[in-house]
Protein chains: 2
Amino acid sequence: MALGAPTSADRATSALRDLIFDGELPAGSDHLESELARRLGMSRTPIREAALRLAAQGLIELRPRKGVRILPLAPRDMREIYEVLTELESLAAARAARAGHPPQALAGLAAAIDDMDRALNAGDRLAWAEADDRFHVELVRLGGNARIVSIAAMMSDQVRRARRVTLFMRPPPVRSNDDHRAVLDAIARGDADAAQRLHHAHRSHASKMLTALLETHRLKRV
Amino acid sequence: MALGAPTSADRATSALRDLIFDGELPAGSDHLESELARRLGMSRTPIREAALRLAAQGLIELRPRKGVRILPLAPRDMREIYEVLTELESLAAARAARAGHPPQALAGLAAAIDDMDRALNAGDRLAWAEADDRFHVELVRLGGNARIVSIAAMMSDQVRRARRVTLFMRPPPVRSNDDHRAVLDAIARGDADAAQRLHHAHRSHASKMLTALLETHRLKRV
DNA sequence: GTATTGCTTAATGCATACGTTAATTGAGTC
DNA sequence: GACTCAATTAACGTATGCATTAAGCAATAC
């Protein structure tokens with residue numbers, strides 16, 4: 001299938017996403033549509049469309065005459081988001097276990113785990129975070145529920161900035177991969193209950209750690 | 001706080017929602033932006049904005065040169081959506097129980113239950129469905145997680161048409177209120193575990209019944 | 001009869017123009 | 001100096017025009 005050339009609105013959407021994730025549009029800052037249009041070299045129309053999409057994803061807010069506001073994350077938001085992620089990802093883990101995927105279908109998970117190990121040994125936290133993200137995306141994909149896939153992606157995007165911030169404050173995630181392996185194991189042997197329980201505990205733990213971290217560092221909004 | 005006059009895009013959004021829910025724009029049908037614009041008496045711009053919003057909510061799909069397509073629901077979609085609803089609503093129930101709401105905060109739930117009873121006795125299924133909806137919305141609201149609130153609303157909207165169809169095919173929901181009462185009870189006495197378990201069972205059961213109903217009636221897409 | 005090519009049509013995606021109106025500034029008053 | 005109110009500004013929401021280009025169709029070749 002040929003994928004038509006991306007429209008200006010598409011380019012605006014990913015450009016804005018990048019600007020937000022890279023912190024060039026800081027949390028809490030306001031930006032006029034016309035300013036963004038100038039910055040991205042296009043008219044307000046595709047910018048507006050991109051803004052609407054990102055607003056629907058919970059990344060920004062459109063406030064008339066104030067411009068688009070990059071939504072900051074309070075610890076409360078973190079808790080909310082991780083609660084959803086914890087629940088839906090564990091469900092996906094259970095479903096993945098029940099689906100009886102052949103071993104080669106689980107190769108993506110195994111690869112992500114290996115990459116995390118490698119990154120940890122190399123002390124490369126950014127690479128670790130990328131592989132960790134990949135593990136969770138792949139896990140949810142194996143769950144086979146398209147709604148969960150897109151909701152999880154949305155929630156992950158909402159906490160992306162915060163995760164980036166905590167990445168270098170948190171202790172090295174040396175035990176995290178034990179959890180990942182245990183989940184993969186449970187899925188491989190078709191133990192849905194264990195997969196769900198293990199992943200739930202894993203996410204719960206990470207969630208508590210991260211929100212505690214933000215609160216300790218008095219980061220009211222990230 | 002004054003809520004400014006609704007914009008044309010706002011009106012278009014709710015108008016389109018109504019048209020979809022009332023079946024005037026049937027599932028699977030295509031509609032050109034210009035056609036909708038004429039129909040609602042405005043230009044394409046606000047129509048487009050409304051379409052983008054509804055697309056983000058999973059109600060329609062924008063296909064270049066084909067117009068907006070009203071997304072039909074296959075039994076598989078029903079399962080996916082109810083899976084999400086089951087999990088997130090049960091979580092909300094648990095959280096509501098843990099929140100220790102004062103009795104008067106649970107009045108909305110109780111009222112919805114009473115209304116369902118009344119509607120059942122009167123044989124008014126539409127009124128029952130409305131009250132049932134209200135119960136679930138209120139339950140989720142009491143859970144206190146804004147993300148869950150909006151995700152649940154989104155999922156409910158996606159199955160709204162299908163629920164309307166099954167409403168008159170299903171057996172009268174006479175036992176349903178027993179479940180609701182049990183959940184309310186568990187929340188009132190702060191038993192988070194029971195609330196979660198009971199509501200999970202309730203939604204699971206409803207989900208199985210509805211999807212089975214659609215499949216029995218060979219309704220591939222609603 | 002089937003496939004290929006070129007043409008026609010028209011829906012979209014984007015740019016642009018403009019009216020409305022919220023926010024701001026400044027003068028004037030107490 | 002603090003406050004009120006009017007005038008100004010400019011950002012948004014909407015309408016409109018247009019270039020692009022996909023889809024449909026007809027004509028032609030095989």
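Within every chain, numbering begins at 1; the chains are lettered A, B, ... in the order of the sequence lines, protein sequences first and strands thereafter.
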Discussion item. Looking at the base of D:dA15, is there any donor atom on it, or on the side chain of B:Thr45, that sits under 3.5 Å from an acceptor on the other one?
Written reply: yes
Fill in: Proximity to the side chain of A:Thr7 - top-ranked nucleotide from D:dT14, D:dC12, C:dC14
C:dC14
Worksheet entry | Near-ring test B:His200/B:His205, centroid separation under 6.0 angstrom | no
Worksheet, complete the sentence: Between A:Arg65 and B:Arg65, whichever has its closest DNA chain C nucleotide further toward 5' is B:Arg65
Worksheet item: CD of B:Glu49 versus C1' of C:dC14: gap in Å, rounded?
Response: 16 Å
Item to complete: Please confirm whether A:His180 and A:His199 have ring centers closer than 6.0 angstrom.
Response: no
Worksheet item: With distance as the sole criterion, is a donor-acceptor pair present between the side chains of A:Thr13 and A:Asp10 under 3.5 Å?
Response: no
Worksheet item: Rounding to a whole Å, what distance do you find between A:Lys66:NZ and D:dA10:C1'?
Response: 15 Å
Practice prompt. Measure the distance from CZ on B:Arg69 to C1' on C:dA11 and round it to the nearest whole Å.
Written response: 18 Å
Fill in: Interatomic distance where CZ belongs to B:Arg63 and C1' belongs to D:dA23 [whole Å]
13 Å
Worksheet entry | Separation of D:dT14 C1' from B:Leu40 CG (nearest whole Å) | 15 Å
Worksheet item: Is there a donor in the side chain of A:Arg39 and an acceptor in the side chain of A:His31, or the other way round, less than 3.5 Å apart?
Response: no
Practice prompt. Would you mind classifying the nucleic acid contact of B:Ser8 as base, sugar-phosphate or nothing, using non-hydrogen atoms under 4.0 angstrom?
Written response: sugar-phosphate
Worksheet, complete the sentence: Per atom distances to the A:Ser43 side chain, the nearest of C:dC14, D:dC12, C:dT12 is C:dC14
Worksheet item: Please give, in whole Å, the distance from C:dC14 P to B:Leu52 CG?
Response: 11 Å
Practice prompt. Measure from the side-chain N and O atoms of B:Arg95 to the backbone N and O of B:Gly143, and report whether any donor-acceptor pair falls under 3.5 Å.
Written response: yes
Worksheet item: Whole-Å distance between D:dT16 P and B:Glu33 CD?
Response: 16 Å
Worksheet entry | Length of the line joining B:Leu36:CG and D:dA15:C1', which is rounded to integer Å | 17 Å
Item to complete: Report the residue (B:Ser34 or A:Arg44) whose heavy-atom-nearest nucleotide on DNA chain C is the more 5′ of the two.
Response: B:Ser34
